[in-house]
Amino acid sequence: MKLSRAPNLLIAQHWINLLEQVHISCELHNRYMQGAMGDIPVDQCGPEVWLEHEADLPAAQRVITGAAPTPGAPLMRWRCGSCHESLEPQFTTCWNCGSSYSDFS
Ligand SMILES: [Zn+2]
């Protein structure tokens, strides 16, 4: 069943990574649709994240709601510009030295 349509492929992939981290089975649909159609309305194209199990829906929605892109937030692993620690995308500040991701982007 469909979980949600992502605004772009990068975010769809990001959601899937997050869902896999919490062991929710999911797959990416429509990844090649964007830019390949003529008359299809824009809101009917774009990458979609689908769940394998309907029971996972509430948890999955929480995951991607929490993962809504915020300005300046990392979408993938990043490296702290101060101490060079490698950080997961869910962290917007370096746990090692407290520097903020937005300080380096
Ligand atoms: Zn740091």
Side-chain angles (χ1 to χ4, degrees):
M1 63 168 304
K2 190 169 93 176
L3 169 62
S4 184
R5 174 175 293 120
N8 62 51
L9 192 56
L10 194 62
I11 289 170
Q13 218 102 54
H14 176 53
W15 287 350
I16 283 177
N17 289 342
L18 292 175
L19 291 168
E20 284 175 349
Q21 278 172 22
V22 295
H23 306 292
I24 293 175
S25 303
C26 56
E27 46 184 30
L28 184 56
H29 286 221
N30 279 1
R31 64 182 301 174
Y32 300 116
M33 287 281 286
Q34 228 160 14
M37 70 237 72
D39 302 329
I40 303 173
V42 171
D43 67 350
Q44 288 182 27
C45 64
E48 294 176 349
V49 176
W50 286 59
L51 296 178
E52 197 170 305
H53 306 292
E54 190 171 348
D56 289 332
L57 184 64
Q61 277 173 334
R62 275 197 303 276
V63 168
I64 68 164
T65 308
T70 49
L75 286 175
M76 49 190 92
R77 284 186 78 89
W78 58 288
R79 190 170 289 277
C80 176
S82 292
C83 69
H84 305 292
E85 185 62 46
S86 179
L87 295 147
E88 298 290 333
Q90 62 265 39
F91 301 114
T92 55
T93 54
C94 175
W95 55 263
N96 191 39
C97 71
S99 295
S100 170
Y101 172 78
S102 56
D103 292 344
F104 311 116
S105 54

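- Residues Leu18 and Ile64 form no side-chain contact, since every pair of their non-hydrogen atoms from C-beta on lies 4.5 Å or further apart.
- Considering only heavy atoms from C-beta on, Ser4 stays 4.5 Å or farther from Val49 through its side chain.
- Pro89 places a side-chain heavy atom less than 4.5 Å from the side chain of Arg77.
- The two residues His84 and Arg79 make their nearest non-hydrogen contact at O-NH1, 2.9 Å.
- Here the closest heavy-atom approach between residue Asp56 and residue Ser25 is recorded as OD2-N, 4.2 Å.
- Using a 4.5 Å cut-off on side-chain heavy atoms (C-beta onward), Cys94 and Cys83 make contact.
- Under the 30°/60° scheme for interplanar angles, the aromatic rings of Trp50 and His29 are found to lie parallel.
- Between Gln21 and Val63 the shortest side-chain heavy-atom distance does not fall below 4.5 Å.
- Of all non-hydrogen atoms in Trp78 and Phe91, the two that sit nearest each other are NE1-O, 2.9 Å.
- The side chain to side chain donor-acceptor pair (under 3.5 Å) test applied to Gln61 returns no partner, not counting sequence neighbours.
- To the nearest 0.5 Å, atom CD of residue Glu27 and atom CG of residue Leu3 are 12.0 Å apart.
- No donor-acceptor distance shorter than 3.5 angstrom exists from the side chain of Trp15 to the backbone of Glu48, with no hydrogens or angles considered.
- Residues Leu28 and Leu9 share a closest heavy-atom pair of CD2-CD1, 3.7 Å.
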